[in-house]
Amino acid sequence: MSIAYLNGQLLPIEEAKVPALDRGFLFGDGVYEVIPVYAGRLFRFKQHIARLENSLQGIRLPMEQTLQDWANICHQLIEQNSLNNASIYLQITRGAYPERNHDFPANPSPTIFAMITALPEVQAVPSDRDLQGISVITAEDIRWQRCDIKAITLLANCMLKQQALECGANDTILVRGGVAFEATSSNLFIVRDGVIITPPLSEHLLPGITRDFLLWLAEQHGILTEQRLIPEHELLQADEIWLTSSTKEIRPVTRLNDVTIGNGTAGPVWRQMYDHYQQLKVQLYRGEIDSNTEGEIAL
Ligand code: PDD
């Protein structure tokens, strides 16, 4: 049974309970992070916590926890659950109060919850499933205007994902006014003539930590990148399409609205980036990357 963290306590996840009057439950009033753990070490932790702080600021919920406080919670979960490859889900809501009231409480007492889930081991060679890629549809983005905040209010994301499943696809690329921004739980990349292209940061997409990491990794290996808007019609002209997130890493898209992308399997630039990503994880496992010298990579 998995051990979770709730408001200062470690306990079996089935016993982690929050009051029905918690604003997370009543209003979806909270934010979250999903942080990968490779080789028992938090990956890009500083960046995840910086984004958490931006999200907290975005919903005007000040917290006094330091980077080290957040790290302690995560390390306890890693140790208690003896997991080396995992993702940590960390959620903060504005807490529970005696009445349901839309007004923000004057002195908030937030609820902090965290749990850990196993991730697959490093895969030096992509599986057939990876190479096959996924199938996506496009749909109008019905979410709010602050998609840069990692809010727990994910009903629109769930509806848009379900729409894909009901069409026999795996996910949905979200479009606003003819422009594609991201997918329901991942960022969007395309490749054209060897250049990796992703939309610039704005209130219409989450500033993905994997997105940022891939731009950095591509630069390290001399692969050209460009941050610009991607009109929906350009998706079909792309040589490759990828979706990226902390848990999916880089996922190739090989069908879009029932049209084949590229030659219908993961493309060559994806393969290059896949290899660079896995190589870096291997270096973490071997202890070749040190948290002090590679603060950019891991804490
Ligand atoms: N989702 N865009 C959206 C809407 C997301 O929900 C996510 C992450 C991303 C990618 O961000 P990152 O690279 O930092 O994981 C982009 C997480 C994994 C989730 O909801 O489970």
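When a ligand or atom number is given, it counts from 1 through the structure's own listing order.
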field: Close side-chain approach of Glu249 and Lys281, heavy atoms under 4.5 Å
entry: yes

- prompt: Above 12 or not: heavy atoms from other molecules or residues under 6.0 Å from CD of Gln57?
  reply: no

field: Aromatic ring proximity Phe213/Phe43, centre distance under 6.0 Å
entry: yes

- request: Compute the centroid of each ring, for Tyr5 and then for Phe113, and state whether the two points are separated by less than 6.0 Å.
  value: no

- prompt: Looking at Arg23, Arg60, Arg100, which one forms a salt bridge (charged side-chain N to carboxylate O under 4.0 Å, His left out) with Asp29?
  reply: Arg23

Exercise answer, ligand 1 polar atom pairs (N/O) under 3.5 angstrom:
| unit_1 | atom_1 | unit_2 | atom_2 | d |
| --- | --- | --- | --- | --- |
| ligand 1 | 1 (N) | Lys150 | NZ | 3.2 |
| ligand 1 | 1 (N) | Ser185 | O | 3.4 |
| ligand 1 | 2 (N) | Glu182 | OE1 | 2.6 |
| ligand 1 | 13 (O) | Ile209 | N | 3.4 |
| ligand 1 | 13 (O) | Thr210 | N | 3.0 |
| ligand 1 | 13 (O) | Thr210 | OG1 | 2.6 |
| ligand 1 | 14 (O) | Arg51 | NH1 | 2.8 |
| ligand 1 | 14 (O) | Arg51 | NH2 | 3.0 |
| ligand 1 | 14 (O) | Ile209 | N | 2.8 |
| ligand 1 | 15 (O) | Ser246 | N | 2.8 |
| ligand 1 | 15 (O) | Ser246 | OG | 2.8 |
| ligand 1 | 20 (O) | Tyr32 | OH | 2.6 |

task: Tell me yes or no: between the side chains of Asp171 and Thr184, is some donor less than 3.5 Å from an acceptor?
output: yes

